[in-house]
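Dumping the structure here so I can ask a few things about it.
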Amino acid sequence: MSPFEVAGPSSSTGPNSTSKVAAQFIGMGFPKEMDQAKPYSVGRNVSTEPSSSAFESNMYNISDDDSSLTSEESMDDLSGKDMPWTLLVEMGYDAQEVSIAIDKLGPDVEMTELIDHICAARLEKELQNQTTEPPLLDHEITQNENCFPFEKKRRHFERHSEARKREGHSKAIEKKHIVDGGDDQVLHLPNPMIGYGVPDNPWRKLERKLPDSANAPPYFYYENVALAPKGVWGTISRFLYDVEPEFVDSVYFSAAARKRGYVHNLPITNRFSLLPAPPLTIQDAFPLLRKWWPKWDERTKLNCVLTKPASAKLTEKIRTHLEAYGGDEPPLFVKKYILEQCRKWNLVWVGKNRVAPLDPDEIELLLGFPKGHSRGGGTSVSSRYTAVGNSFQVDTVAYHLSVLKRLFPNGMNVLSLFSGIGGAEVALHRLGIGLKNVVSVEICEVNRNIMRSWWEQTNQQGSLVEAADVEQVTGERIEQWIGVFGGFDLVIGGSPCSNLSGSNRVSRNGLEGDQSSLFFHYYRVLNHVKSVMGEQG
DNA sequence: AGAAACATGAGCAACTCA
DNA sequence: TGAGTTGCTCATGTTTCT
């Protein structure tokens, strides 16, 4: 199927859609298309002739309802073993060694354990071979590391911790907190959480040395929650070419906190902020609320925006508590309870004795989107909360992406995975960076509609290609896009955090979770883009 | 049927204090 | 230094409402 055909009905957006689509993905026999002996090598010819339809319209759609993918039989055939097997082979691991590992550890073993087992087996084999084979040449080592990032994890983190010691950070930066454990690799959350610097504190680091495998086109930028379960950021970093995450709290860019980790290979010097400067306190962001804000609520910043509003029952309860004391200040225990709830639910004072959750317009303002960005067009209020709550903080991301403006004065080709409501695109647009061709991959139809409306309203001159499901962004499609567009300048996205978030009490399964395991598709797609563009030179 | 409302802690790190 | 306390978190599953 041509990547430029018009979309059919959108795919399912329900909670179970991921596993269902994953099953379809396996059913289509995708791994067989890959050259398993040489991970991510591209054997087929890439057409450089643009599809004729590609030039007839500046907006294309891609349907995921390929008839070859809907075989009930192939769905039934799936065993628990197939899913990790397929994904690992997709990532470039040898089919045989994956099978051996699954046989040994069982079908229900976690992916990270499987990978560790495979790596351990390789190391063991390597050690055995060292007695009979000559040592690898430098270029052979580099090639090997490019294909299998796990194998050099220990060496890298050992080197890195040594380098950190030599650098001798300031006292504030030295006060770090371990967020990753296990083995001998350690990742830290900086305190303050300012990454390589924020507008008011940009001094931290002038330049950094990227691993060779990360120091090649395209630029990539990956985002997720900073406070993920132990080991998650170590895994993400190892897959993304051993690039150390940059942890930043958007509280330095906004009136609301948003602690996130970003793994990227962008330059870190000469960053600049979006204008106009965003309000940095609740009172500046919402001046009309000052009138009702009690002195005993000393908050000037909000916590991380949520995807669901507080219940009316809670705000009523708070009003009733306060009214019981007439106009007097309530006793300490009442104030304490109310402040707890205000912090937990990000409540603001909207009237006498009245608190309320932020409305979606206010959340958009805090996140740096234009007012009403997600409003209307069939979007329900609850789905709007979900959409904006899952998005980038635009000012933060734009600060990191600002270095691209001088590098791409004529605009960029962008592959945007897990686009959501278009935080990355809005950030680039607000930076004044032209969007030449954007491939936007987003499972949720509501979000795609919001993104498309924004694209049309802002009179973008480039082309928008929409795809629903990252699992169906096949190597073939990637190659076609690269053939038509001449490559991607940036691969950007933040994969689902639902299985990583501390708010999730039910299925906080880390990167093994149904949703958050989609990170591995970010890696798969990025790695394929790198391979194809690398071959093109 | 779909949207909205409601009830539901765990996990981790920062902080406090003896 | 270590035990105890405090605070925060891109949420999920079920029930109720429209």
Side-chain angles (χ1 to χ4, degrees), chain A residues 12-16 18 172 175-181 186-193 222-233 247-251 254 256-262 299 301-317 336-337 339-346 357-360 363-364 366-369 374 378-394 396-397 418-421 423-424 442 444-447 493-510 513-516 518-519:
Chain A
S12 165
T13 57
N16 294 323
T18 303
K175 190 183 176 188
K176 291 163 181 293
H177 306 285
I178 297 171
V179 294
D180 262 6
V186 175
L187 284 180
H188 297 97
L189 287 181
N191 184 10
M193 196 183 281
Y222 174 81
E223 179 257 16
N224 216 317
V225 291
L227 283 79
K230 280 186 178 181
V232 165
W233 276 107
F247 293 105
V248 181
D249 189 342
S250 293
V251 79
S254 151
R258 200 168 187 82
K259 297 178 181 67
R260 295 291 179 272
Y262 305 89
R299 288 177 301 157
K301 296 280 191 179
L302 293 161
N303 284 332
C304 185
V305 296
L306 308 169
T307 56
K308 296 282 183 294
S311 67
K313 207 170 187 174
L314 175 64
T315 59
E316 185 193 9
K317 193 174 175 182
K336 194 178 170 190
Y337 166 75
L339 285 174
E340 259 179 32
Q341 297 303 315
C342 286
R343 289 198 180 94
K344 180 177 178 182
W345 290 102
N346 256 349
L358 297 165
D359 67 39
I363 296 174
E364 284 167 351
L366 293 171
L367 293 176
F369 286 92
S374 60
T379 309
S380 70
V381 175
S382 60
S383 56
R384 199 177 163 204
Y385 269 107
T386 306
V388 295
N390 286 329
S391 178
F392 284 169
Q393 207 287 329
V394 170
T396 310
V397 172
F418 317 104
S419 301
I421 59 173
E442 169 57 42
C444 175
E445 187 180 8
V446 165
N447 289 349
S495 58
C497 71
S498 49
N499 305 117
L500 311 181
S501 166
S503 299
N504 187 344
R505 296 181 294 281
V506 180
S507 55
R508 198 184 186 192
N509 309 328
D514 283 350
Q515 304 291 315
S516 295
L518 292 174
F519 158 74

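Proteins come first, then strands; the chains are lettered A, B, ... in the order of their sequence lines, and each starts at number 1. Everything numeric in this text was worked out from a predicted model, so none of it was measured.
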Considering residues, nucleotides and ligands other than Lys336(A), do more than 12 of their heavy atoms fall under 6.0 Å from its NZ?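 No, because the 6.0 Å sphere around NZ of Lys336(A) holds 12 heavy atoms or fewer from other groups.
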Exercise: do Asn499(A) and Gln515(A) side chains pair donor with acceptor under 3.5 Å: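 Judged by distance alone, the side chains do not pair up.
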Let's see if you can work this out: which of dA11(C), dC10(C), dG13(C) has an atom nearest to the side-chain heavy atoms of Ser498(A)?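 Of all the options, the side chain of Ser498(A) is nearest to dA11(C).
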Closest to side chain of Arg508(A), choosing from dG11(B), dC15(B), dA4(B):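 Closest nucleotide to the Arg508(A) side chain: dG11(B).
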Taking only N and O in the side chain of Ser383(A), is any of them less than 4.0 Å away from OP1 or OP2 of dA3(B)?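 For Ser383(A), the contact criterion (side-chain N or O under 4.0 Å from OP1 or OP2 of dA3(B)) is not met.
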If you compare every side-chain N and O of Ser391(A) against the phosphate oxygens of dC10(C) (OP1, OP2), does one of them come in below 4.0 Å?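 Result: no.
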Would you say Ser503(A) reaches dA11(C)'s phosphate, i.e. side-chain N/O to OP1/OP2 under 4.0 Å?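 Indeed, a polar side-chain atom of Ser503(A) lies that close.
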Report which part of the nucleic acid Ser250(A) touches: base, sugar-phosphate, or nothing (heavy-atom distance under 4.0 Å, all strands).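 The answer is nothing, as Ser250(A) stays clear of every strand by at least 4.0 Å.
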Any side-chain donor-acceptor pair under 3.5 Å between Ser374(A) and Arg384(A)?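 Per modelled atom types, Ser374(A) and Arg384(A) side chains form a pair under 3.5 Å.
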Do Tyr222(A) and Ser495(A) have side-chain N/O donor and acceptor atoms under 3.5 Å apart?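 Distance-only check passes for Tyr222(A) and Ser495(A).
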Looking at Arg260(A) and dC10(C), is any side-chain donor or acceptor paired with a base atom of the opposite kind under 3.5 Å?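 Result: at least one qualifying N/O pair found.
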If you measure only the distance, is there a donor-acceptor pair under 3.5 Å linking the side chains of Thr386(A) and Lys308(A)?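 Result is yes, a qualifying pair exists.
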Of the listed nucleotides dC10(C), dC12(B), dA4(B), the one nearest the side chain of Ser380(A):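 The answer is dA4(B), which lies nearest to the side chain.
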Reckon Ser382(A) has a side-chain N or O less than 4.0 Å from the OP1 or OP2 of dA4(B)?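 So the side chain of Ser382(A) is within the cut-off, an N or O lying under 4.0 Å from OP1 or OP2 of dA4(B).
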Counting only side-chain heavy atoms from C-beta out, which of dC6(B), dC8(C), dC10(C) sits nearest to Ala312(A)?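 So the side chain of Ala312(A) is nearest to dC6(B).
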Pick the closest DNA chain B nucleotide for Asn504(A) and for Pro309(A) by heavy atoms, then say which residue is nearer the 5' end.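 Mapping each residue to its closest nucleotide by heavy atoms, the 5'-most match is Pro309(A).
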Shortest non-hydrogen contact from Phe418(A) to Gly494(A)?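 Distance-wise, the nearest heavy atoms are CB-O, 3.3 Å.
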Provide the distance between the two P atoms, one in dC10(C) and one in dC6(B), to the nearest whole Å.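 Nearest-Å result for dC10(C) against dC6(B) at atom P: 24 Å.
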Can you tell me the base-pairing partner of dG9(B)? Count Watson-Crick or G-U wobble geometry only, both distances below 3.5 Å, and say none if there is no partner.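 Base-paired to nothing in any strand shown.
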Counting side-chain heavy atoms from CB outward, which of dT12(C), dT9(C), dC8(C) is closest to Arg343(A)?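 Per side-chain heavy atoms of Arg343(A), the pick is dC8(C).
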Scan Val305(A) against the nucleic acid and name what it touches under 4.0 Å (heavy atoms): base, sugar-phosphate only, or nothing.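 Here Val305(A) touches no strand at all.
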Of the nucleotides dA4(B), dT12(C), dC12(B), which one has an atom closest to the side chain of Lys308(A)?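 When the side chain of Lys308(A) is considered, dT12(C) is the closest of dA4(B), dT12(C), dC12(B).
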Starting at CD of Glu340(A) and ending at P of dC8(C), how long is that distance when rounded to a whole Å?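 That distance rounds to 9 Å.
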So which nucleotide from dT12(C), dC8(C), dC10(C) ends up closest to the side chain of Asn390(A)?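 The answer is dC10(C).
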Among the candidates dT9(C), dC6(B), dC15(B), find the nucleotide nearest to the side-chain atoms of Lys313(A).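 Nearest nucleotide to the side chain: dC6(B).
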Base partner of dC10(C), which must satisfy Watson-Crick or wobble distances under 3.5 Å: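 Its partner: none found.
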Is Lys259(A) close enough to dC10(C) that one of its side-chain N or O atoms is under 4.0 Å from OP1 or OP2 there?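 Answer no for this pair, as no side-chain N or O of Lys259(A) is under 4.0 Å from OP1 or OP2.
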Looking for any heavy atom pair under 4.0 Å, which part of the strands does Gly494(A) touch: base, sugar-phosphate only, or nothing?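 The residue Gly494(A) makes base contact.
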Nearest listed nucleotide, side chain of Asn303(A), among dA4(B), dC8(C), dA7(B):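 Closest of the options to the side chain of Asn303(A): dC8(C).
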Which is true for Cys304(A) with a 4.0 Å heavy-atom rule: it touches a base, it touches only sugar-phosphate, or it touches nothing?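 Since only primed, P, OP1 and OP2 atoms lie under 4.0 Å of Cys304(A), the category is sugar-phosphate.
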Measure the distance from CG on Leu518(A) to P on dC10(C) and round it to the nearest whole Å.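 One finds 17 Å between P of dC10(C) and CG of Leu518(A), rounded.
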From the set dA11(C), dT9(C), dT12(C), return the single nucleotide nearest to any side-chain atom of Ser507(A).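 Taking heavy atoms from C-beta onward, the closest nucleotide is dT12(C).
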On DNA chain B, nearest-nucleotide positions of Gly378(A) versus Ser311(A): which is more 5'?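 Mapping each residue to its closest nucleotide by heavy atoms, the 5'-most match is Gly378(A).
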